[in-house]
Amino acid sequence: MKQLIILSLIVLLSSGYTQPNAGDPIYKDKNAPIEDRVKDLVGRMTLEEKILQLNQSTYGINTNVNNIGEETKFIPPGIGSLIFFSHDPVLRNVVQKKAMTESRLGIPILFGFDVIHGFRTVYPISLAQACSWNPALVTKACEVAAKEAAQSGIDWTFSPMIDVSRDPRWGRVAECYGEDPYTNAIFGVATVNGYQGKNLADPYSIAACLKHFVGYGRSEGGRDYQSTDISTQSLWETYLVPYEACIKAGASSVMSAFNDISGVPATSNHYLLTEVLKNKWKHDGFVVSDWDAIEQLTYQGVAADRKEAGYKAFTAGVEMDMKDSIYAEFMSQLIDEKKISIGQINDAVSRVLRIKFRLGLFDNPYTTVEDEKDRYLQKESIQIAAKLAAETMVLLKNEKQTLPINNSYKKIALIGPMAMDKANLLGAWSYNGKATDVETIREGLEKELKNKATIQYAKGCDFDGNDSSGFDSALQVAKSSDIILVCLGEKNEWSGENATRSTISLPAIQEKLVNELAKTGKPIVLILSNGRPLELARLEPLANAIVEIWQPGIAGGSAVAGILSGSINPSGKLAMTFPLTTGQIPVYYNQRQSARPFKKQGLYQDISSKPLYWFGHGLSYTTYQYGDVKLSATKIKRTDKLTAEVEVTNTGAMAGAETVLWYISDPVCSISRPIKELKYFEKKELTKGGKTVFTFTIDPIRDLSYVNSTGDPILESGEFFVLVNNQKIKFELVD
Ligand code: NOJ
């Protein structure tokens, strides 16, 4: 600690950045255009300096108070980037000082980290965020995350993850925005906007990194790091869609994925990284490999050794080597052997430096040190987290209006391993989150129902294992109550990286607990916190109501309490289908048409072929009545726009928010198209008795075309349908 204080004093006493003087190089002139600064700087760099810029190492992992700053001496001052595991800006400034003063040209280090769903103010996991259908709110939450991260010394986050996934066994579905390409695109863009703000150089903006480019979500069997077999058609119409949208939105960087795409690893995929990303989409930022993914090319069977792996990754278009030091070790040899040209190195270095300049790092390399209490968990940040948590929760079932809890329920049994849990509500990838910041479901309920009902708690059982010794006390509590709230779910480490499950049901002990409780005949409400869709085939029939609360972050307790009591009207809708059983996977709404879409053809013989809850499912405490959809025309030309309108009335007893999901279907086309595809959505608040018109403006190229195998839109004339709620309206595109 003493050492750290001394180091920070040195930083504070000697000002790091000196104003450029007349005659200073262009790259030091903050008024010069960024491209001129990049060119000038690259022109001054030695080959060794350039190569170092292409490497990323780690820093701040050591938490031993006796020698926290120790690591600094092992960091070369000219390193391009560090993954910053600490949240201490002082520590960042210490190593940044080294870069600014000890590297010959004073090039700042870029500090990256996984800020995934919040920094210290942890908000719901990405899959949950998509269920809010409120991208503007997600942008606000990401602004909070960016600010907290920036105040903690981070310039760059490895987020958003926009890997479309249709396999809930895969642990990383928690990190994406569900099964639909359009939804991933919209929430990906909302996230990028939140992090990057209006100007990357603002002190509280951080650079985004789109990951994992591409197809990672298609992992075979849902097993992490597996091969993915993806046709060029699916690649373009499904997996690349959100990336293209986020690149257009100005995302600064991209992370290549671990998987191979039909045999060609993403990390050495020239077609994707160079032809598509850089040439076709004109991305001028850089690509970072995933952790050790360059070396992994040797395991994936496309490189004989580390050197060949480095050659393949670099020439495919990976500019920065995350963690495995291959570029540092072999790049100059590869240049001597004329396998890599100086021109290629210059382009790669320019891309990295461009982002550093855009972030304003050359002009403001240090983080202003603020007190933790002024950085984290600010009142408005918690309010955003609470609002987002509430909007992400999905009322899956509500038989005979079991919910909201009404006044006749005076005694409430609160049972289950999630009821008083804190850490698991944070969810996976919440490195800087603290369990102590989390409000439990019980705490939320106690506050919400104060003086209205008595809450009796019993844990019942753990998340897994087979200890049923807690069942008796749970039953006692249940028997003496009017309603039973059962809080079940997954531990946070069951989702995220390398966290595949072979079955997506809850462990048997949790199901057994509900079975026992059901014998009391009391109404049962399941409150589920999990990082993926669950198989609920056995639990659903036992429950009168089910609320999916996902992993809601720090403010989940009050949000769920508000929903249970009715002070909040649920408005979430699923962004990922809940299969009836694991065996139905993959099941997702935008499948292509079957060759025999007739009764009893192609169905499972042993179970229903329908999932339990489709994408888009979500109930409310009020009712919404949809009027007839009105189209501005029934025939349009390619250059026309068609307007579809529907009036929605809140016919129930309470105010609410309704999301209208607009789909398009193209029944006859040169290639078989998905049965329907989401093209637009909008969420609006509706007062009790209120009505409002929702409008979707159909742009033929954007909404009616399909992409060919080189990513170009093909628009074919003919019949189309617009689908909304239960209506399906025909229109025609004519030449
Ligand atoms: C590996 C993960 O796949 C990636 O998502 C993450 O950003 C990096 N590790 C860095 O932690």
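For ligands, and for the atoms within them, numbers begin at 1 and follow the listed sequence.
Pairs passing the salt bridge (Lys or Arg N to Asp or Glu O under 4.0 Å) check and including a residue from residues 197-226, sequence neighbours excluded, read Asp114-Lys211. Legend: ring-ring contact (aromatic ring centres under 6.0 Å, His included) pairs involving residues 130-175, not counting sequence neighbours, sorted by first then second residue: Trp133-Phe615, Trp133-Phe681, Trp156-Phe158, Trp156-Phe286, Trp170-Tyr216.
When only non-hydrogen protein atoms are considered, atom 11 (O) of ligand 1 lies nearest to Asp114 OD2, 2.4 Å. Residue, atom and distance of the protein heavy atom nearest to atom 5 (O) of ligand 1 are His212 NE2, 2.7 Å.
Distances shorter than 4.0 angstrom occur between a heavy atom of Phe258 and an atom of ligand 1.
Checked against a 3.5 angstrom limit, the closest N/O atoms of Glu175 and ligand 1 fall outside it. The distance criterion of under 3.5 Å between nitrogen or oxygen atoms is not met by Tyr216 with respect to ligand 1.
Under a 4.0 Å criterion applied to the non-hydrogen atoms of Trp291, ligand 1 contributes the atoms 9 (N). Atoms of ligand 1 lying under 4.0 Å from any heavy atom of Lys211, numbered from 1 in the order shown and given with element: 4 (C), 5 (O), 6 (C), 7 (O).
Looking at Arg172 against ligand 1, only its side chain comes within 4.0 Å, counting heavy atoms. Neither the backbone nor the side chain of Met161 comes within 4.0 Å of ligand 1, counting heavy atoms alone.
Ion pairing between Arg532 and Asp167 fails under the 4.0 Å rule for side-chain N and carboxylate O. Salt bridge absent: Asp88 and Arg92 never bring a charged side-chain N and a carboxylate O closer than 4.0 Å. Glu175 and Arg172 are joined by a salt bridge, as a carboxylate oxygen and a charged side-chain nitrogen come within less than 4.0 angstrom of each other. With respect to the salt-bridge test (charged N to carboxylate O, under 4.0 angstrom), the residues Glu148 and Arg120 do not qualify.
Side-chain N or O atoms of Ser103 include none that pairs as donor or acceptor with a backbone N or O of Gly78 at under 3.5 Å.
Remark: among candidates Asn498, Thr58, Asp290, the nearest residue to atom 4 (C) of ligand 1 is Asp290, based on non-hydrogen atoms.
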